[in-house]
Amino acid sequence: MKHGASFLSSIQKVAGASAGALVASVLVIDDSKIEECKNFTYGLAKEVKSKPLGALTPGYNLLDSIKTFLNTMLPEDAHQKASGKLYISLTNTRTRENVLVHQYPSREHLIKCLLASSHIPLYASRLPVKIDGQKYMDGGITDNMVVFKNERTIQVSPFCGRQDISPNDKLGKEWYVSVNNQGFQVNKNNLIRFSHAMIPPSNKREAGNQMMKDVGGKPLDALKVISRVIVYFKYHSMNNIQQHLIGGISSEDIYFVLTVPASWGIHDFMKEAASMVIVVDFCTYI
């Protein structure tokens, strides 16, 4: 946004699915709202993390918060600005076919399309969104990277792949997979990005501010204490493995650590503590 004003002004159409559709709507309707939308996203992530089971917590509907924000953020003529320029990818729940919507007779219709494209079954909400008698869900299930036929399409993705604009990890063996019309490079960074998309990571500054007390009441940095405990367990475990495994093992042989946290809200804290002592590059939590 800071360096591409002239580029964005020349774009004739913008398409997206799920979160991509939400971003596209801001670019088309009012790009001055970018900062406001960013702050909402951080707030939504914090809201999800506050729930016992995240977005899967019974009784919680992620789309309710998004709907409230859209109703507040979108101007009254949003549907007029979006018609013919904003293309939203949807999936028909009955036919399982992709539908690309680009005409919006009302503001309410536009909001319904944005919510429908963000409906990930069971995760974002329990029931699909109904539009004109038809039920729709996340457009990314059938087409996550819309390409305009006979026109130059600049593809943007938060995942490393073959898109025009995407992270350049330079990792792995150049293996790629295509899922719902979007290419992904097979590497650990993309796994991390996917896990963060489903379970928002903690703010490192917030994790670093957590304190605990020793037996004498002296305040201690919780991250430093837990990281040192992890170091102890690491070397203790490695010594035990070395004694029982023929041929031995080194830290370089360990790629993943699978743990089950006692509380849903501390898994990112433990991940941050582990990264401080470089136990592994990527920790998977369930």
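Sequential numbering from 1 along the given sequence is applied to the chain's residues. Keep in mind it's a predicted model, so treat the numbers as computed, not measured. Computed over heavy atoms, backbone and side chain alike; hydrogens, waters and symmetry mates excluded.
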[atom2] on [Y] to [atom1] on [X], rounded to 0.5 Å:
X: Ser25; Y: Ile111; atom1: OG; atom2: CD1; answer: 10.0 Å
X: Leu114; Y: Tyr104; atom1: CG; atom2: OH; answer: 7.0 Å
X: Lys51; Y: Leu62; atom1: NZ; atom2: CG; answer: 10.5 Å
X: Ser18; Y: Ile120; atom1: OG; atom2: CD1; answer: 4.5 Å
X: Cys113; Y: His102; atom1: SG; atom2: NE2; answer: 11.0 Å

key: Set of salt bridge (Lys or Arg N to Asp or Glu O under 4.0 Å) partners for Arg94, sequence neighbours left out   =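 Salt bridge (Lys or Arg N to Asp or Glu O under 4.0 Å) check on Arg94 returns nothing, list empty.
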task = For the residue pair Gln134 and Asn92, confirm or rule out a side-chain donor-acceptor distance under 3.5 Å.
result =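 There is such a pair between these side chains.
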task = Answer with yes or no whether the side chains of Asn98 and Thr91 bring together a donor and an acceptor at under 3.5 Å.
result =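 Absent: no donor and acceptor within the cut-off.
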inquiry  = I need the full list of side-chain hydrogen bond (donor to acceptor under 3.5 Å, both in side chains) pairs touching residues 53-63, with sequence neighbours left out, sorted by first then second residue.
reply    =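 Those involving residues 53-63 are Glu47-Tyr60.
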key: Electrostatic pair Arg193:Asp169 at N-O distance under 4.0 angstrom   =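 Result for this pair is yes, salt bridge flagged.
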ask   = Any Lys/Arg nitrogen of Lys112 or Asp132 sitting under 4.0 Å from an Asp/Glu carboxylate oxygen of the other?
value =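 Salt bridge: no.
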task = Taking all non-hydrogen atoms of both residues into account, name the closest pair between Leu74 and Ile29 and its distance.
result =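 Minimum heavy-atom separation between Leu74 and Ile29: CD2-CD1, 3.8 Å.
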request  = Test the Lys13-Phe148 pair against the cation-pi criterion, namely NZ or CZ under 6.0 angstrom from the six-membered ring centroid and within 45° of the ring axis.
outcome  =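 Yes.
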ask   = Quick one: hydrophobic cluster around Ile141, which other residues, with the 4.5 Å side-chain cut-off, linked directly or via members?
value =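 Members alongside Ile141: Met137.
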